[in-house]
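Here is the structure we will look at, set down as structure tokens.
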Amino acid sequence: MTTVQAGSARIIDGSAVAKAIREEVKGEASALAARGVQPGLAVVLVGDDPASAVYVRSKGKACEEAGMRSETIRMPATTTQAELLAVVDRLNADPLTHGILVQMPLPKQIDPQAVILRIDPAKDVDGFHPVNSGKLFSGDLSGFIPCTPLGVRELLLRHGIETQVANAVVIGRSTIVGRPMAALLLLAGKGGDATVTVCHSRTRDLEGHLKKANIVIAAIGRREMITGDMLKPGAVVIDVGMNRVDDPTTKSGTRLYGDVHYPSASAVASWITPVPGGVGPMTIAMLLKNTITAATRVAAR
Ligand code: GUN
């Protein structure tokens, strides 16, 4: 990795990459439809969390724009676990549904793990089922990989960012981002072969780890926690943070912040993802890609 001058970080434009992927997906969806299989994604939303409702709406819209079949199932916040499992069973059995996504978080009366375990691993486009996470951790790519880390990998690959000699530090150990991200960076071959360190809330000396990191993936969920002075000059900084904060000066009344303090980090990094417009748009693009993969496997049966 080269050392760069202050203020010279290049921006990784996730919105542009996501747009290109969605165009590719559109072509793949129409090729599958020509073979009699229209890829279909079912999204289940339980309750009325406003942020989840926004995500679910954008997932449905993205599907339709890509020429895919989209079904959104909205269930009340009082839904029981048995009622949700019955919906999952119905979708597992539905030949028009290739991908199933149950939006997290779920209301507290429902055990998310019981729901994840019920989804047919062949339709688990979130990649949360232990069959799929187990495959990823064994280096078997025949399953599904969680969309956000898959999107980060795609951003690194499409910008020619070398992971194979890199020290990569992943901050955060969630099952949605941190853990699968580490597993991806550990895979053998292009986009992998990194030397990976996973830091988390109990890590001592986070800065000591960051100072050696050529690639930093921040998935902590704390606004602007990573500042430029903590980074190795020339590091590639990928910000997975989505911290929404009230801000009456904006039209929506809120403002989105990453886990990285952009002004100071962009002065020392070689590449950086902005928030918004970095990793966020990639998640939906990779969800569409995973749904295409699921439908392709069905078409090949
Ligand atoms: N909630 C926040 N991110 C995700 C995601 O990637 N998948 C699901 N199912 N729920 C989420």
Next on the checklist: Quick one, Asn243 and Met225 - any side-chain contact, counting heavy atoms below 4.5 Å?
Outcome noted: no
Checklist outcome for this item: Note: Trp271 and Ile11 closest approach over all heavy atoms is CZ3-O, 4.1 Å
Checklist outcome for this item: Residues Phe137 and Arg179: closest non-hydrogen pair is CZ-O, 3.3 Å
Checklist entry - Can you hop from Val240 to Tyr55 via hydrophobic side chains spaced under 4.5 Å? => result no
Item to check | Side chain proximity check, Lys59 to Leu101, heavy atoms < 4.5 angstrom | outcome: yes
Checklist entry - Hey, are Lys61 and Glu65 close enough for a salt bridge, meaning a charged N less than 4.0 Å from a carboxylate O? => result yes
Next on the checklist: Can you confirm whether more than 12 heavy atoms, excluding those of Arg69, are under 6.0 Å from its CZ atom?
Outcome noted: yes
Checklist entry - Below 4.5 Å, heavy atoms only, C-beta onward: do Pro130 and Leu117 meet side chain to side chain? => result yes
Item to check | Verdict with supporting geometry, Thr254 and Asp246, side chain to side chain contact (heavy atoms under 4.5 Å, CB included) | outcome: CA-CA 4 Å; Thr254 65; Asp246 287 338; 3.9 Å; yes
Checklist entry - Does Gln81 use its side chain to pair, donor to acceptor, with the backbone of Asp111 at less than 3.5 Å? => result yes
Item to check | Rounded distance [0.5 Å steps], CG in Leu185 versus CD1 in Ile215 | outcome: 6.5 Å
Checklist entry - Do Val37 and His98 touch side chain to side chain, with heavy atoms closer than 4.5 Å? => result yes
Item to check | From Glu83 atom CD to Met75 atom CE, the distance as rounded to the nearest 0.5 Å | outcome: 6.0 Å
Checklist entry - Could you state the interatomic distance from OG1 (Thr195) to NZ (Lys212), rounded to the nearest 0.5 Å? => result 11.5 Å
Next on the checklist: Is it the case that the side chain of Asp124 and the backbone of Gly143 share a donor-acceptor pair, with hydrogens and angles ignored and the cut-off at 3.5 Å?
Outcome noted: no
Checklist entry - Given side chains that start at C-beta, do those of Leu141 and Leu187 come closer than 4.5 Å, heavy atoms only? => result yes
Checklist entry - With a 4.5 Å heavy-atom cut-off, do Arg173 and Ser201 have their side chains touching? => result yes
Item to check | ILVMFWY cluster, Leu41 and Ile100 together (side-chain gap under 4.5 Å) | outcome: no
Checklist entry - Is the cationic atom of Arg297 (NZ for Lys, CZ for Arg) positioned less than 6.0 Å from the six-membered ring centroid of Phe144 and within 45 degrees of its normal? => result yes
Checklist entry - Hey, quick one: are Val125 and Val44 part of the same hydrophobic cluster, counting side-chain heavy atoms closer than 4.5 Å, chains of contacts allowed? => result no
Item to check | Minimum-distance pair of heavy atoms, taken over all atoms of Pro39 and Leu32 | outcome: CG-CD1, 3.8 Å
Checklist entry - Are the side chain of Gln109 and the backbone N or O of Ala77 linked by a donor-acceptor pair below 3.5 Å? => result yes
Item to check | Donor + acceptor pair across side chains of Thr227, Asp229 (<3.5 Å) | outcome: yes
Checklist outcome for this item: Here the gap from Ile238 atom CD1 to Thr148 atom OG1, rounded to the nearest 0.5 Å, amounts to 12.5 Å
Checklist entry - When hydrophobic residues are tied together by side-chain contacts of less than 4.5 Å, even through go-betweens, does Val177 share a cluster with Ile116? => result yes
Item to check | Within residues 32-54 or reaching into it, pairs that qualify as side-chain hydrogen bond (donor to acceptor under 3.5 Å, both in side chains) - sequence neighbours excluded | outcome: Asp49-Ser52
Next on the checklist: Can you list everything that forms a side-chain hydrogen bond (donor to acceptor under 3.5 Å, both in side chains) with Arg74? Sequence neighbours excluded, please.
Outcome noted: none
Next on the checklist: Please determine whether the number of non-hydrogen atoms from other residues, nucleotides or ligands lying under 6.0 Å from atom NZ of Lys211 exceeds 12.
Outcome noted: yes
Next on the checklist: Between Asp140 and Ser138, does the side-chain hydrogen bond (donor to acceptor under 3.5 Å, both in side chains) criterion hold? Intermediate values first, please.
Outcome noted: CA-CA 6 Å; Asp140 172 351; Ser138 344; over 6 Å; no
Next on the checklist: What verdict does the side chain to side chain contact (heavy atoms under 4.5 Å, CB included) test give for Leu206 and Ile226, after you've listed the backbone C-alpha separation in whole Å, the side-chain angles of each residue and the deciding distance to 0.1 Å?
Outcome noted: CA-CA 10 Å; Leu206 172 64; Ile226 308 301; 4.1 Å; yes
Checklist entry - Do Val279 and Ile145 belong to the same hydrophobic cluster, where Ile, Leu, Val, Met, Phe, Trp and Tyr are linked whenever their side-chain heavy atoms lie under 4.5 Å apart, directly or via other members? => result yes
Next on the checklist: Between Val275 and Tyr262, is there a side-chain heavy-atom distance shorter than 4.5 Å?
Outcome noted: no
Checklist entry - Which pair of heavy atoms, one from Ile284 and one from Ala62, lies closest together, and at what distance? => result CG2-CB, 3.5 Å
Checklist outcome for this item: Heavy-atom nearest pair, Ile176 first then Pro180, reads O-CG, 3.6 Å
Checklist entry - Hey, does Val260 have a side-chain heavy atom less than 4.5 Å from the side chain of Val216? => result no
Checklist entry - For His159 and Asp13, which heavy atoms make the closest approach, and how far apart are they? => result NE2-N, 4.3 Å
Checklist entry - Does any N or O in the side chain of Lys232 come within less than 3.5 Å of the main-chain N or O of Asn214, such that one atom is a donor and the other an acceptor? => result no
Checklist entry - Taking it one step at a time, do Leu84 and Leu106 satisfy side chain to side chain contact (heavy atoms under 4.5 Å, CB included)? => result CA-CA 10 Å; Leu84 178 55; Leu106 288 167; 4.0 Å; yes
Next on the checklist: side-chain hydrogen bond (donor to acceptor under 3.5 Å, both in side chains) for Arg255 and Thr250? Distances and angles first, verdict last.
Outcome noted: CA-CA 7 Å; Arg255 187 184 293 272; Thr250 68; 5.9 Å; no
Item to check | Residues which pass side-chain hydrogen bond (donor to acceptor under 3.5 Å, both in side chains) with Thr97, listed by chain and number, not counting sequence neighbours | outcome: Asp94
Next on the checklist: Please determine whether side chain to side chain contact (heavy atoms under 4.5 Å, CB included) holds for the pair Val115 and Leu85, giving the CA-CA distance in whole Å, both sets of side-chain angles, and the decisive distance to 0.1 Å.
Outcome noted: CA-CA 6 Å; Val115 177; Leu85 292 178; 4.3 Å; yes
Checklist outcome for this item: dist Met68:CE -> Cys63:SG (nearest 0.5 Å) comes out at 4.5 Å
Item to check | Backbone N/O of Asp239 and side chain of Asp259: donor-acceptor pair under 3.5 Å | outcome: no
Checklist entry - Got a second to check how far Ile21's CD1 is from Met282's CE, nearest 0.5 Å? => result 3.5 Å
